[in-house]
Amino acid sequence: QVQLVESGGGVVQAGGSLRLSCVASGRTFSRFNMGWFRQAPGKEREVVARINRNGVSTYYAASVKGRFTSSRDNAKNTVYLQMNILKPEDTAVYYCAADESGITTLKSDYWGQGTQVTVSS
């Protein structure tokens, strides 16, 4: 079992920045590919970013590419999502996910409880 706890959400004005953190416990963190997802009201959960086990390989959704950056510190069992130039359409609950066997998807086994990000115009 892996427990994931996100933090860092909040309310920010458009153009601002936030950094989300996700701390993992229970298993060897470096064995897991990690991902960030978000779900806005009335919309399906979607992938925002992925990062592989050693942090070398990343993926970003087109809507956030160039504005968001994911990184990880395996010594601290933590994955981060730096969000810059935030837009109102970035408003959502953000979740981190972990997958030991492959890339993180909506079917991944381990999820955090989510953290709310609200971007005001």
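Only this structure's heavy atoms are used, side chains among them; waters, hydrogens and symmetry mates stay out. This is a predicted model, so every value here is computed, not measured.
When only modelled atom types and interatomic distance are considered, S108 and D99 share a side-chain donor-acceptor pair under 3.5 Å. Side chain to side chain, N84 and S17 meet the donor-acceptor criterion of an N or O pair below 3.5 Å. Looking at R72 and N74, their side chains do bring a donor and an acceptor atom within 3.5 Å of each other.
When atom types are taken as modelled, the side chain of N33 and the backbone of T104 share no donor-acceptor pair closer than 3.5 angstrom. R53 places a side-chain N or O within donor-acceptor distance of the main-chain N or O of E100, the cut-off being under 3.5 Å. Y60 places a side-chain N or O within 3.5 Å of a backbone atom of S70 that can act as its donor or acceptor partner. Formation of a donor-acceptor pair under 3.5 Å by the T91 side chain with backbone atoms of E89 is not found in this model. At distances below 3.5 Å, at least one donor-acceptor pair connects side-chain atoms of R67 with backbone N or O atoms of I85.
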| task | List the steps and the verdict of ring-ring contact (aromatic ring centres under 6.0 Å, His included) for W111 and F37. | result | CA-CA 10 Å; W111 292 85; F37 294 72; 4.9 Å; yes
| request: Any chance you could lay out the side-chain contact (heavy atoms from CB on, under 4.5 Å) test for V79 and F29, step after step, and finish with the verdict? | output: CA-CA 10 Å; V79 61; F29 181 62; 4.2 Å; yes
| task | Please lay out, stage by stage, how L18 and V119 fare under the test side-chain contact (heavy atoms from CB on, under 4.5 Å). | result | CA-CA 10 Å; L18 283 174; V119 184; over 6 Å; no
| side-chain contact (heavy atoms from CB on, under 4.5 Å) between F68 and Q82, worked out | CA-CA 5 Å; F68 290 12; Q82 178 67 44; over 6 Å; no
| message | The test is side-chain contact (heavy atoms from CB on, under 4.5 Å); show your working for Y80 and C22 and say whether it passes. | response | CA-CA 6 Å; Y80 304 97; C22 172; over 6 Å; no
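With Y94 as the partner, the side-chain contact (heavy atoms from CB on, under 4.5 Å) test is satisfied by one option alone out of E6, Q39, Q116, M83: M83.
Nearest heavy atoms, V47 versus A61: O-CB, 3.6 Å. The two residues V64 and V48 make their nearest non-hydrogen contact at CG2-O, 3.6 Å. For V93 against G114, the heavy-atom pair with the smallest separation is CG1-CA, 3.8 Å. The two residues A98 and M34 have their closest heavy-atom pair at CB-SD, 3.5 Å. Residue L81 comes nearest to A49 through the heavy atom pair CD1-CB, 4.1 Å, listed as atom of the first residue, atom of the second, then distance.
Rounding to the nearest 0.5 angstrom, the gap separating the CG atom in D109 from the CD atom in Q1 is 8.5 Å. In this structure, CG in N77 is found 8.5 Å from OG in S30, a value given to the nearest 0.5 Å. With rounding to the nearest 0.5 angstrom, the OG atom of S121 is 14.0 Å from the NZ atom of K87. The CD1 atom of I51 sits 14.0 Å away from the CD1 atom of I103 when rounded to the nearest 0.5 Å.
By the 6.0 Å and 45° rule, R38 does not stack over the aromatic ring of Y95. F32 does not carry R27 over the face of its six-membered ring by the limits of under 6.0 Å from the centre and within 45° of the normal.
Annotation: side chain of Q113 is in contact with side chain of V5 (closest heavy-atom distance under 4.5 Å).
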